[in-house]
Every structure is written in structure tokens, then in C-alpha cells.
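The chain is numbered in sequence order, starting from 1. Every heavy atom of this structure was used, including side-chain atoms; hydrogens, water molecules and symmetry mates were not.
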Amino acid sequence: MRKLMVQELVSVDGMTAGPNGELDFFDAVSDYSGPDTDNLTILDTVDTILLGRVSYRMLSEYWPTADGEIVAARVNSIPKVVFSSTLSEAPWGRFEPATVVASSPVDEVRRLVSQPGGDIILWGSLTLARSLLSAGLVDTLHLLVIPVVIGRGRQLLTEDTGAVTLVAAKPYPSGIVSLRYAVRKATT
């Protein structure tokens, strides 16, 4: 069975975005080379990237032209699934377009993880990540903690997240800390 990882950039106080969705706290660090190098290893096991509509729009504007980024070639070559009830297509620059799914993300991800293949990663897409965590579909939660406090904003984790177990922690010279957790699945 395929594994699903949710990977998010978060502030020290656990925010994934400011109160109005701002992501300017990402700029608190100028060197992402350490996490990017480690992400190459993660992406070698991944054959599907999941995105919500807003994250898709943001990432599709950046990655197809990010030729100097260490992970760009890999990110651009991995098939993507975008969950949206408003998009009819999801181009990805000169690369293969993403597949748009308008049906239930939980049902579609259940279907995807039951199929043979590599692992699946979800980036950004806070609402989608929360729904998959609540449904017990997430195997690994990978937080890249940016050394800044926002104070107010949007959080990924809620009381529905459940128990997590730290499986790896790694600080980088830039001040980012990688925290990887196994998500304990609820027994029914």
C-alpha cells in the first residue's frame, strides 16, 4: 500500500500562513538548500503530488520556470492531482498538466493509496491536508519549521489530528528544523 506524506512549511508557533493567507514568513530564511537536498531523497519515492486549487495556482506559477532550483526537475516531472470544483484544467507550464479531480478528496485519496505505485506527497493545501488527517489517511507529517513567530494565522493541526510520534528531527544551518512524525491511525 502506498504511503501519504503531508509536508508543510510552518512557523515556530505552528502557523502555515498568516491571518489572511500570507506566506511572507517563508522569506525569513533565504537558504532552503538543506531541506531541498533532503527533499530529493523523499521525491525519489514519490510518484504523485496532491494539491488544492490555491496551492496549485501558486506552485504552478513558480516551479515550471524554476530551472535553478535543485528540486525543480523532479517536482516538474512528478504527476500531480489538483482537487478543485472550479478548475476544468490545470496546466503546469511546458510540463504534463495536473489531473483535476472534482469529487471527494477523501474518496479519491483512498483509491490512490490502495493502488500500486510510489508514495504520495501533499504540499500546502491546508483544507485538503486537514480533511485527509481527519479521515486517517496520512501516514507521515513532515513539518519544516521556519525560525519565525507569526503570532496569528492559519494552523494545520487541530484536535482532530490525533496522536503523532516523532521519527526524525534535523536542524539545518539556515535555522530551519525538519520534524517528521508518524501519524497514529485511529482504530475503528
Side-chain angles (χ1 to χ4, degrees), residues 1-9 16 32 35-64 66-67 69-85 87-144 156 160-168 170 178-188:
M1 199 149 161
R2 301 163 85 182
K3 302 287 186 192
L4 173 60
M5 172 187 283
V6 170
Q7 186 181 69
E8 299 281 350
L9 294 171
T16 58
Y32 283 85
D36 285 350
T37 299
D38 288 345
N39 256 354
L40 283 175
T41 302
I42 292 169
L43 293 174
D44 282 343
T45 68
V46 168
D47 71 3
T48 306
I49 296 171
L50 303 180
L51 300 165
R53 178 186 51 82
V54 174
S55 293
Y56 154 73
R57 285 200 169 131
M58 181 180 68
L59 296 177
S60 69
E61 289 175 7
Y62 180 75
W63 284 110
D67 298 327
E69 297 281 351
I70 189 171
V71 295
R74 189 70 185 114
V75 167
N76 289 324
S77 68
I78 297 173
K80 294 152 199 74
V81 175
V82 177
F83 292 94
S84 173
S85 59
L87 295 176
S88 59
E89 58 183 24
W92 196 267
R94 66 185 187 274
F95 303 95
E96 191 70 29
T99 300
V100 177
V101 174
S103 61
S104 163
V106 169
D107 292 343
E108 179 63 13
V109 171
R110 274 195 184 112
R111 187 186 73 74
L112 287 171
V113 297
S114 70
Q115 295 179 339
D119 291 338
I120 302 168
I121 194 166
L122 182 147
W123 283 333
S125 312
L126 184 59
T127 302
L128 177 59
R130 282 182 180 163
S131 68
L132 298 177
L133 280 162
S134 291
L137 293 171
V138 177
D139 297 286
T140 305
L141 182 59
H142 185 199
L143 303 177
L144 294 165
L156 167 65
D160 293 333
T161 302
V164 296
T165 303
L166 183 67
V167 294
K170 180 178 182 179
S178 168
L179 300 172
R180 198 174 307 186
Y181 296 94
V183 179
R184 190 171 316 148
K185 307 223 177 172
T187 58
T188 53

On a heavy-atom basis, the closest approach of Val183 and Val138 is CB-O, 3.4 Å
Are Val46 and Ile78 close enough, and set up right, to give a side-chain contact (heavy atoms from CB on, under 4.5 Å), and what steps lead you there? CA-CA 8 Å; Val46 168; Ile78 297 173; 4.2 Å; yes
>> Would you say that Glu8 contacts Leu122 through its side chain, given a criterion of any heavy-atom pair below 4.5 Å between the two side chains?
In response: yes
Side chain to side chain contact (heavy atoms under 4.5 Å, CB included) filter on Tyr181, not counting sequence neighbours, yields Leu141, Leu143, Val164, Leu166, Leu179
Sorted by chain and residue number, the side chain to side chain donor-acceptor pair (under 3.5 Å) partners of Arg2 (sequence neighbours excluded) come out as Asp47, Thr48
Tightest non-hydrogen contact, residues Leu4 and Val109, listed as CD2-CG1, 3.9 Å
Next on the checklist: Any heavy-atom pair between the side chains of Val82 and Trp92 that's under 4.5 Å?
Outcome noted: no
Val81 side chain near Ile120 side chain, heavy-atom distance below 4.5 Å:
no
Across all chains, not counting sequence neighbours, the side chain to side chain contact (heavy atoms under 4.5 Å, CB included) partners of Glu108 are Phe83, Val101, Arg111, Leu112
Is any side-chain heavy atom of Asp139 closer than 4.5 Å to one of Val113? no
Hits for side chain to side chain contact (heavy atoms under 4.5 Å, CB included) against Pro97, two or more places apart or cross-chain, chain-then-number order -> none
Nearest heavy-atom contact between Lys80 and Ser77 is NZ-N, 4.5 Å
Taken to the nearest 0.5 Å, the spacing of Arg74 CZ from Asn76 CG works out to 11.0 Å
In this structure, CG of Leu132 is separated from CZ of Arg110 (nearest 0.5 Å) by 9.5 Å
Listed pairs under 3.5 Å, donor-acceptor, residues 52-59 side chains, sequence neighbours left out:
from, atom 1, to, atom 2, distance (Å)
Ser55, OG, Ser125, N, 2.7
Ser55, OG, Ser125, OG, 3.4
Tyr56, OH, Pro91, O, 2.6

Listed pairs under 3.5 Å, donor-acceptor, residues 37-44 side chains, sequence neighbours left out:
from, atom 1, to, atom 2, distance (Å)
Thr37, OG1, Ser33, O, 2.8
Asp38, OD1, Lys170, NZ, 3.4
Asp38, OD2, Lys170, NZ, 2.8
Asp38, OD2, Tyr172, OH, 2.5
Asn39, OD1, Gln7, NE2, 2.7
Asn39, ND2, Gln7, OE1, 3.2

For Gly124 and Ala129, the nearest pair of non-hydrogen atoms, with its separation, is O-CB, 4.3 Å
Thr45 meets the side chain to side chain contact (heavy atoms under 4.5 Å, CB included) criterion, sequence neighbours left out, with Asp119
Mark yes or no for whether Arg184, through its side chain, and Thr165, through its backbone, hold a donor-acceptor pair below 3.5 Å. no
Sorted by chain and residue number, the side chain to side chain donor-acceptor pair (under 3.5 Å) partners of Glu69 (sequence neighbours excluded) come out as Tyr62
Separation between CG (Leu156) and CG (Leu9), nearest 0.5 Å, reads 11.5 Å
Shortest non-hydrogen pair, Pro105 vs Leu128, comes out as CB-CD1, 3.4 Å
Practice item. Please test Val167 against Thr140 for side-chain contact (heavy atoms from CB on, under 4.5 Å), starting from the C-alpha separation and ending with a verdict. Key: CA-CA 9 Å; Val167 294; Thr140 305; 5.5 Å; no
The reported gap from CG in Leu126 to OG1 in Thr16 (rounded to nearest 0.5 angstrom) is 4.0 Å
Residues at least two apart in sequence or cross-chain that pass side chain to side chain donor-acceptor pair (under 3.5 Å) with Ser131, listed by chain then number, are none
Residues at least two apart in sequence or cross-chain that pass side chain to side chain donor-acceptor pair (under 3.5 Å) with Trp63, listed by chain then number, are none
